[in-house]
Each structure stands twice: as structure tokens, then as C-alpha cells.
Amino acid sequence: MIDLKQLRDDPQKFSERLNRRGSYNLQPILELDHQQRQLEVERSQLQARSNVIGKVMGERIRAGAHPQDPELKDLREEANQIKATLAELEPKSKELKANLENLLLTIPNLPSESTPTGKGEEDNVEVRRWGDEYIPQTVNLPHWELGEKQGILNFERSGKVAQSRFVTLIGAGAALERALIQFMLDQQIAAGYVEVIPPVLINTQSLTATGQLPKFAEESFQCKQDDLWLSPTAEVPVTNLYREEVLAASDLPIYHCAYTPCFRREAGSYGRDTRGLIRLHQFNKVELVKLVHPQTSEQEHQMLVQNAEAILQGLKLPYRVIELCTGDLGFAAAKCYDLEVWLPSAGKYREISSCSNFDDFQARRGSIRFKEAGQKGTQFVHTLNGSGLAVGRTMAAVLENYQQADGTVRLPEALQPYLGREIL
RNA sequence: GGAGAGGUGGCAGAGUGGUCGAAUGCACUCGACUUGAAAUCGAGAGAAUCGAAAGAUUCCGGGGGUUCGAAUCCCCCCCUCUCCGCCA
């Protein structure tokens, strides 16, 4: 959530920053805010008088006054008047507040100063490339053909069990998936992340806090009977572990890694990536989540990206780092780097990790605060997260980049100990 | 699913209609004592909103109600715990 106070104090500057993303009309928010505050002044003055009356009557009665005394009767009548007026004001005030809140929830985060300005994908900036020398020189089978040929991936039967865009991993395929997960977790735990296995059914409040709701409801699977949703990413449950908490400054930074299945409806992606492991309704991911002191969040973000890169480097998979421009930035993000792995079947780099800094946007929506010892008041933490990595896409990259002329796959050295073999 | 108990400040835990934003303990801050620390003693200190400030309002799981006045009484919902049932 954006900071209403900041918006109010300097609407001009605020909308300039926001409009680097696209065009947003903040006028209705400012107007509602103004009305709401006026009403609030009126309401609180009446309430103050009512409180005084209550206090006075209490004192009199305890001092032995009779409730039927004329003086008390007058007070009681005045209080009843006030109560009637308040009863008219309150529904209005509630409605204003709700409308304001609903509007605020649809405004995306401000891009950070350093985020490049641009309209869309084409304006993203390549930051660096790694591992050109590992790009295969020969033309190989796409991973889904290879996987089906080897009998380690099965899409057809998965469609029977669920729908299209689901996969079943079989034999060495399942083992490879587990090995990748284990490898990723081992690396991230060594890098200082504390592993968690969170719920993957999550409530509406949690999705609202991290920014998936209310705007992107059609992206998630919902269990309507229970107000629960299937987690689209571990970002949601892990960040929400700390929702509505006041942490001690000394608790920060908090680093978590989490392996979870992720579920996405992929509404509106008909016809895109219809084959293979690239775009599924259910996939596995190892996620990195950080809650940090605002002063450190920029460095923490750089480190987070490096932690994700370390997995690709460990697997010797060629990749590049892209910084997203303002137009391509996710709803809640202030700054974001994507890691894109080389995918021979596509002849291009494909996203395999997205590492975002949300500043205090999610923390404000979820009320995740911290307190500096000895200081008054609280501050919002900064939240960050990134994939470390998307497991299915990593498997696709391994199968394609490590394919040999005879149709076998020579496993990356880092994975060999996990699988107890060199060739797949 | 059935029966019972409970949800109070960062944490623990009192409080059953009026001066309760709330005792007490822990943790926290400042001061004294000490070479320093610990221990001890004294003082301070909840959060949010509006306000330049003084101050005002709100907050005792959530929502409604009774009352001049609700943490406290009534209704609904959610959550946690215990027992029973079922189940991996």
C-alpha cells in the first residue's frame, strides 16, 4: 500500500513518481481522504463531549446523586442527542473509509529512484551475462520431447488426472526434481537462509498483504468454501508469517528459504508456452524471502540476486540479469531484477527467477513493523523476495543445456552427488 | 463433527458496568550505586489517526446490540486449547 500521508503532503511529487509506471488518477483518493478527515473531526468532537458527560455522570452518581435528578436528566438527554447524531455520521464515515481503502489497495508501489523508466519489456535493461561459454553449440531436442522419450516427463496422462498444463515426473525425472530442490536448499541454507515449509493454502488477507489481491484474483486458484487460496508463490505465506507483528530491530534481518509447490491459473496465457515445463498450473519453487531494516534494503536486494545467481552458476547454466523498467515492474515491487536462463529450444533467455524489493509496500499492507529499542513508535520493515529458483524451469534448462549428441544428458557436476550418477 | 475452556499492551498475566489505556512480572530506556559489568534501587515508557503544538479520538480476537457510560452485560462470527469421535 502506498503511504497516504506522503501522497497528501506532496501529491505533485507523488504522482510524478507513480506515473513513471503508467497513468494513475490520484484525485479521487485525495478527495475521499479530505472528506473522510473532515467527517472524522466532526465525529471526534461529538465523541469527546459524550465522553465528558459520561465521566461527569459517573462522578455524580458515585458521590450519591440520584439518577432522577434534573441535572442528570439534562445531561442524559444531551448524551442521547449526541448518540443520535453519531449514529447518522458513522455509516457515512465507514463507507468513506472503506472506499478509500479499496482505492488505495489498487494503487501499485512507487518505483524506486534507480529503476529505469520505460513502457514495457522492450525497455528492460540487461545488467550482465554469465556463462556464455556453456551455451551448447549443437541443436538439441526441446526438453519435453527429450523427457517424454526418456519416460521421465508425462504430460498426456497428467491431463487425464488434472488438465493441460500439468506434469507428472517419473523415475529419474522425479529424482532430478528432488535433487534440484535439495541442491538449492542446501546452497541457500549455507548462505544464511532459515528453511521454512509454510502452508500453501492461504487466506484472503495474506494475498492482500503481499499484493496479489484485490487486483489479480483471476490469477489464483480459490477454495471458495473456506476463504482459502492455493499459494501462487511462497512469497505469500512466508512474508505473511510476520503479518500484524511488531518485531524488535534486533530480529532483523530475517532470511527465509522455502521449497513449496506453487499454483497459478495462467489466465490469459492461452497458447503461450503450451508445451513443456515452462508454464504449468502447478510447479515447484525454492523461494528466498527477506525482512530487513529499511536502511539496508538496497544492499540486501543485491545480495539476494547474488544468492539466486549462485544456483545457476553452481549448475553452470548460462544466464543474464535483467533490470525491469518501471513499465514492466510487478504491482508491489519498487525494483526488480529477473534472471533469465539460456533455453536452447527457444533460442533465447527465459525468466527463471525474479528478485524484487518491495520497500515498505507489503509491510504497510500487512502491518509488519519493527521497533528500535528505546525509541518511540514503530517503522515498517522492508520486504524482499526472489526465486532461488523455479525448479521446473531449471530442470528444463538442465535437460536442454546438458543434452549430448546421443540423446543422453550429462548431469551438472553439482547434481551428481545428489543423484548418484553422471548420465541421465 | 460433539462437549467444555479461553482470546487483554513486545511477551506473560490481573481485571465482571463509571476516575481502566488498563495492576503486576519479564523485556526496554534513563539515572544512582560500581573501576566496569551483574545484581539492587529510583524514574520513565503501549499502538494508530488528526494536529506545528497543546491536545482530541480510536484500540482489551472481529462484527453488531444494551447503557448517559462497556475490557466487563447480550447476540453473531473467527481463532486457540482440552476431552471425545474420525483420520494421514
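Just so it is clear: chains get the letters A, B, ... in the order the sequence lines come, proteins before strands, and each one is counted from 1.
Across every strand in view, G25(B) sits in a pair with C11(B) that passes the Watson-Crick or G-U test at under 3.5 angstrom. Summarising the base pairing, C20(B) is matched to no nucleotide, lacking a Watson-Crick or G-U wobble pair whose two defining distances lie under 3.5 Å. Base pairing annotation: C50(B) forms a Watson-Crick or G-U wobble pair with G55(B), both donor-acceptor distances under 3.5 Å. Across all strands shown, C81(B) forms a Watson-Crick or G-U wobble pair, both distances under 3.5 Å, with G4(B). When Watson-Crick and G-U wobble pairs are counted only if both distances are under 3.5 Å, U67(B) pairs with no nucleotide at all.
Checking G64(B), U58(B), C68(B) against the side-chain heavy atoms of Lys83(A) singles out C68(B) as nearest. Across G63(B), C68(B), U58(B), the shortest atom-to-atom separation from the side chain of Gln47(A) is found for U58(B).
The CG atom of Asp9(A) sits 10.5 Å away from atom NZ of Lys13(A), with the distance rounded to the nearest 0.5 Å.
Look at the C1' atom in both G4(B) and A88(B): the space between them is 27 Å, to the nearest Å. Straight-line distance between the P atoms of U24(B) and G46(B): roughly 14 Å, to the nearest whole Å. Taking the C1' atoms as reference points, G10(B) lies 9 Å from C28(B), given to the whole Å. Taking atom P on both nucleotides, G64(B) is separated from U29(B) by 40 Å, rounded to a whole Å. Comparing U72(B) with C87(B), their C1' atoms are spaced 41 Å from each other, to the whole Å. Distance check on atom C1': G62(B) versus G6(B) gives 16 Å, rounded to whole Å. A distance of about 29 Å separates the C1' atoms of U82(B) and A22(B), rounded to the whole Å. For the P atoms, the distance linking A53(B) with A48(B) amounts to 15 Å, nearest Å.
With sequence neighbours excluded, the residues that form a side chain to side chain donor-acceptor pair (under 3.5 Å) with Asn240(A) are Arg243(A). For the side chain to side chain contact (heavy atoms under 4.5 Å, CB included) test, residues two or more places apart in sequence or in another chain that qualify with Asp273(A) are Ile278(A), Arg279(A), Arg350(A). Looking at residues two or more places apart in sequence or on another chain, you find a salt bridge (charged side-chain N to carboxylate O under 4.0 Å, His left out) between Glu340(A) and Arg320(A). Applying the salt bridge (charged side-chain N to carboxylate O under 4.0 Å, His left out) test to Arg157(A) and every residue at least two apart in sequence or in another chain returns nothing. The side chain to side chain donor-acceptor pair (under 3.5 Å) search around Lys290(A) returns Glu300(A), not counting sequence neighbours. Met1(A) is linked by a side chain to side chain contact (heavy atoms under 4.5 Å, CB included) to Glu101(A), Leu104(A), Leu105(A), Arg364(A), Arg365(A), counting only residues two or more places apart in sequence or in another chain.
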Close N or O pairs between protein and nucleotides 15-18 of chain B (under 3.5 Å):
{"from": "G18(B)", "atom 1": "O2'", "to": "Arg62(A)", "atom 2": "NH2", "distance (Å)": "3.1"}
{"from": "G18(B)", "atom 1": "N2", "to": "Gly54(A)", "atom 2": "O", "distance (Å)": "2.7"}

Identify the pairs formed between an N or O of the protein and an N or O of nucleotides 51-56 of chain B at a distance under 3.5 Å, and give each distance.
{"from": "G51(B)", "atom 1": "OP1", "to": "Arg37(A)", "atom 2": "NH2", "distance (Å)": "2.5"}

Identify every side-chain donor-acceptor pair in residues 30-38 of chain A under 3.5 Å, counting partners at least two apart or on other chains, and give the distances.
{"from": "Asp33(A)", "atom 1": "OD1", "to": "Arg8(A)", "atom 2": "NH1", "distance (Å)": "2.9"}
{"from": "Asp33(A)", "atom 1": "OD2", "to": "Arg8(A)", "atom 2": "NH1", "distance (Å)": "3.0"}

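As rounded to whole Å, 16 Å separates atom C1' of U49(B) from atom CD of Gln38(A). Atom pair Leu86(A):CG and C68(B):P shows a separation of 14 Å (rounding to whole Å applied). We find that CG of Asp227(A) is positioned 18 Å from P of G62(B), with the value rounded to whole Å. Glu245(A) places its CD atom 16 Å from the P atom of A48(B), with the value rounded to the nearest Å. Computed from coordinates, the Arg49(A) CZ to U57(B) C1' distance equals 16 Å when rounded to whole Å. Here the C1' atom of nucleotide G69(B) and the CD atom of Glu77(A) are 16 Å apart, to the nearest Å. Between Gln205(A) atom CD and G62(B) atom P there is a gap of 12 Å when expressed in whole angstrom units. Taking atom CG on Leu247(A) and atom P on C11(B), their separation rounds to 11 Å, with Å as the unit.
In terms of modelled atom types and a separation under 3.5 Å, the side chain of Thr208(A) and the main chain of Thr204(A) share a donor-acceptor contact. With hydrogens and angles ignored, the 3.5 Å screen pairs no side-chain donor or acceptor of Glu323(A) with any backbone N or O of Val125(A).
Among the protein residues, Thr378(A) comes within range of the sugar-phosphate backbone only, with heavy atoms under 4.0 Å from sugar or phosphate atoms but none that close to a base.
In this structure the side chain of Leu389(A) never reaches within 4.5 angstrom of the side chain of Val341(A), judged on heavy atoms.
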